[in-house]
Amino acid sequence: MPELPEVETVKNTLKNFIVNKRIVDIRVNYPRIIENDLDQFKRAVVGQLITDLDRVGKYLIFVLEDTAFVSHLRMEGKYNILTKPEFSKHDHIIFYLDDGTYLSYNDTRKFGRMVLSSKSDYKNQLPLSKLGPEPFCADAKVVYQRIHKSDIPIKHLLLDQTIMAGIGNIYANEICFAMGINPFTPGKRLTLKRVEQLVQASCKILEAAIAQGGTTIHSFSANGIDGLFQVSLQVHLQKECKICHSEIIKEKIKGRSTYYCPKCQRRKS
DNA sequence: AAAAGGCCCTGGTCGC
DNA sequence: TGCGACCAGGGCCTTT
């Protein structure tokens, strides 16, 4: 699933293909993706020049001449540039561009969403307004204030986009592993110093993933720009700990698969 | 009010 | 081989 680093890569790659191109038409095969009234969305978007592409957390923002719309890829959303109008089963939204190419939003599970926002103020409008800072600009003291009385497991808190934005299930597992912290550890067990380390570890892991994406994806693959699952995972989906060779435990937290090493991330009583 | 649970979706995998 | 059951899960909504 695309998390902050994957969306960053999609943004950087896609930018080269669509900025300064005009949306001349749009075809919507699966309307539920678009949260606005469909006609309203079409009226707002068709005829508009794409002036920029931005990212906040896991959200992608298409900045147009007079408006903007926010896109969340959720689990399997992808953007493809097609040079011929040969659309496939899961191409749900197709933007016709003025150079004759097609920007297609492809999403097998149909979980992704798009919603109109404001060109100048999208960061202060829903859904972006409720997001916390990205780890890169998070103040550890503020994060500490948010979690230091909480009984909620730290892994769950890392997934709370209102505390810090951009971390999904894969990186939450990786961050806990890098910290040597048990994912079930309640937020209130972390000292300020530990929270500082947590923010730092989050930055480091996300930055490394972005760097890998930046060097590995220069153009569209046959499958579209869908992120960097080649990122070397230390614990997520792993069977054996890369450090101590213990068997990696898999359990659910907040309904999400949680991987951890019982020895390197020992539970403290 | 906070927290837990359900929902949306399809393709892949598993067991029989 | 066929087929049903189950799993993956981000964010939003409903229920407790």
Side-chain angles (χ1 to χ4, degrees), chain A residues 1-8 10-11 28-36 55-61 69-80 87-93 104-117 122-123 125-135 145-176 183-188 202 206 209 222-224 226-229 231 233 235-239 248-260:
Chain A
M1 67 273 0
E3 305 183 23
L4 186 155
E6 288 75 24
V7 182
E8 177 68 13
V10 171
K11 182 198 82 177
V28 178
N29 295 328
Y30 187 76
R32 275 196 72 134
I33 304 272
I34 293 169
E35 293 184 346
N36 303 92
R55 181 194 59 72
V56 176
K58 305 179 200 172
Y59 292 84
L60 201 57
I61 302 101
F69 67 91
V70 175
S71 168
H72 197 300
L73 305 174
R74 295 285 179 94
M75 310 305 296
E76 299 188 4
K78 297 170 187 66
Y79 281 99
N80 290 296
F87 309 126
S88 61
K89 183 181 174 185
H90 299 296
D91 289 333
H92 302 308
I93 318 279
S104 157
Y105 178 71
N106 181 291
D107 189 347
T108 44
R109 304 240 311 259
K110 301 177 174 170
F111 269 20
R113 293 292 179 261
M114 296 180 196
V115 66
L116 286 171
S117 188
Y122 55 84
K123 289 184 185 179
Q125 290 203 352
L126 286 173
L128 305 187
S129 57
K130 63 185 177 344
L131 297 178
E134 295 182 358
Q145 282 305 317
R146 279 292 305 273
I147 71 173
H148 85 289
K149 289 180 181 169
S150 178
D151 289 317
I152 294 172
I154 189 59
K155 157 92 188 311
H156 180 160
L157 293 167
L158 281 169
L159 294 174
D160 184 337
Q161 303 296 302
T162 71
I163 298 173
M164 285 198 288
I167 298 167
N169 196 46
I170 295 171
Y171 293 112
N173 282 329
E174 293 295 316
I175 291 163
C176 288
F184 288 90
T185 309
K188 67 182 180 190
S202 302
L206 296 182
N223 297 322
D226 58 356
L228 337 157
F229 294 103
V231 163
L233 299 170
V235 68
H236 187 81
L237 295 177
Q238 303 304 301
K239 298 266 186 249
I248 295 295
I249 308 280
K250 180 183 173 188
E251 288 180 74
K252 298 256 182 191
I253 292 179
K254 198 195 171 194
R256 308 291 188 254
S257 296
T258 301
Y259 296 81
Y260 66 98

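Quick note: numbers below take in every heavy atom, side chains included, and nothing from hydrogens, waters or symmetry partners. Proteins get letters first, then strands, A, B, ... in listed order; numbering begins at 1 in each.
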Exercise. Show your reasoning for whether side chain to side chain contact (heavy atoms under 4.5 Å, CB included) applies to Ser202(A) and Ile167(A).
Key: CA-CA 8 Å; Ser202(A) 302; Ile167(A) 298 167; 4.0 Å; yes

Practice problem: Assess whether one donor atom and one acceptor atom, taken from the side chain of Arg256(A) and the base of dA8(C), lie less than 3.5 Å apart. | Solution: no

Quiz item: Which is true for Lys58(A) with a 4.0 Å heavy-atom rule: it touches a base, it touches only sugar-phosphate, or it touches nothing?
Solution: sugar-phosphate

Quiz item: Which part of the nucleic acid, if any, lies within contact of Lys250(A), taking any heavy atom under 4.0 Å across all strands shown: a base, the sugar-phosphate backbone alone, or nothing?
Solution: sugar-phosphate

Quiz item: Taking only side-chain nitrogens and oxygens of Lys89(A), does any of them come within less than 4.0 Å of OP1 or OP2 of dT10(B)?
Solution: no

Practice problem: Hey, can you tell me if Tyr30(A) and His92(A) have their rings parallel, tilted or perpendicular (30° and 60° cut-offs)? | Solution: tilted

Quiz item: So with a 6.0 Å cut-off around NZ of Lys123(A), is the heavy-atom count from everything else above 12?
Solution: no

Exercise. Would you kindly check whether a donor in the side chain of Arg74(A) faces an acceptor in the base of dG9(C), or vice versa, at under 3.5 angstrom?
Key: no

Exercise. Return the value, rounded to whole Å, for the distance between atom CG of Leu237(A) and atom P of dA8(C).
Key: 10 Å

Self-check item: Nearest-nucleotide pick for Arg32(A), side chain only, options being dC8(B), dT10(B), dC12(C)
Solution: dC8(B)

Quiz item: Looking for any heavy atom pair under 4.0 Å, which part of the strands does Arg113(A) touch: base, sugar-phosphate only, or nothing?
Solution: nothing

Quiz prompt | Candidates dT10(B), dG9(C), dG11(C) - which lies nearest the side chain of Lys110(A) | solution = dT10(B)

Quiz prompt | Residue that, paired with Leu60(A), satisfies side-chain contact (heavy atoms from CB on, under 4.5 Å) out of Glu8(A), Met114(A), His72(A), Lys11(A) | solution = Lys11(A)

Quiz prompt | Nucleotide dG10(C), atom C1' - distance to CG of Asn173(A) in whole Å | solution = 15 Å

Quiz item: Nearest-Å distance, CD1 (Ile253(A)) to P (dG9(C))?
Solution: 12 Å

Practice problem: Round to the nearest Å and state the distance from Ile163(A) atom CD1 to dA3(B) atom C1'. | Solution: 14 Å

Quiz prompt | Closest to side chain of Ser257(A), choosing from dT10(B), dG9(C), dC12(C) | solution = dG9(C)

Practice problem: Calculate the interatomic distance between His72(A) atom NE2 and dC12(C) atom P; express it in whole Å. | Solution: 8 Å

Exercise. With the side chain of His236(A) defined as its heavy atoms from C-beta on, choose the nearest nucleotide among dA8(C), dG11(B), dG9(C).
Key: dG9(C)

Quiz prompt | Any Asn169(A) side-chain heavy atom under 4.5 Å of Leu159(A) side chain | solution = yes

Quiz item: Is there side-chain contact between Leu233(A) and Glu174(A), with at least one heavy-atom pair below 4.5 Å?
Solution: yes

Exercise. Output yes when at least one side-chain N/O atom of Tyr59(A) is less than 4.0 Å from OP1 or OP2 of dG10(C), else no.
Key: no

Quiz item: What does Gln161(A) touch in the nucleic acid at a heavy-atom separation under 4.0 angstrom: a base, only the sugar-phosphate, or nothing?
Solution: sugar-phosphate

Quiz item: Rounded to whole angstroms, how far apart are NE2 on His90(A) and C1' on dG12(B)?
Solution: 12 Å

Exercise. Counting heavy atoms from C-beta on, name the nucleotide in dA8(C), dG11(C), dA3(B) closest to the side chain of Ile152(A).
Key: dA3(B)

Quiz item: Roughly how many Å is it from NZ in Lys254(A) to P in dG6(B), rounded to a whole number?
Solution: 15 Å

Quiz item: In whole angstroms, how far is the C1' atom of dC9(B) from the CZ atom of Phe111(A)?
Solution: 5 Å

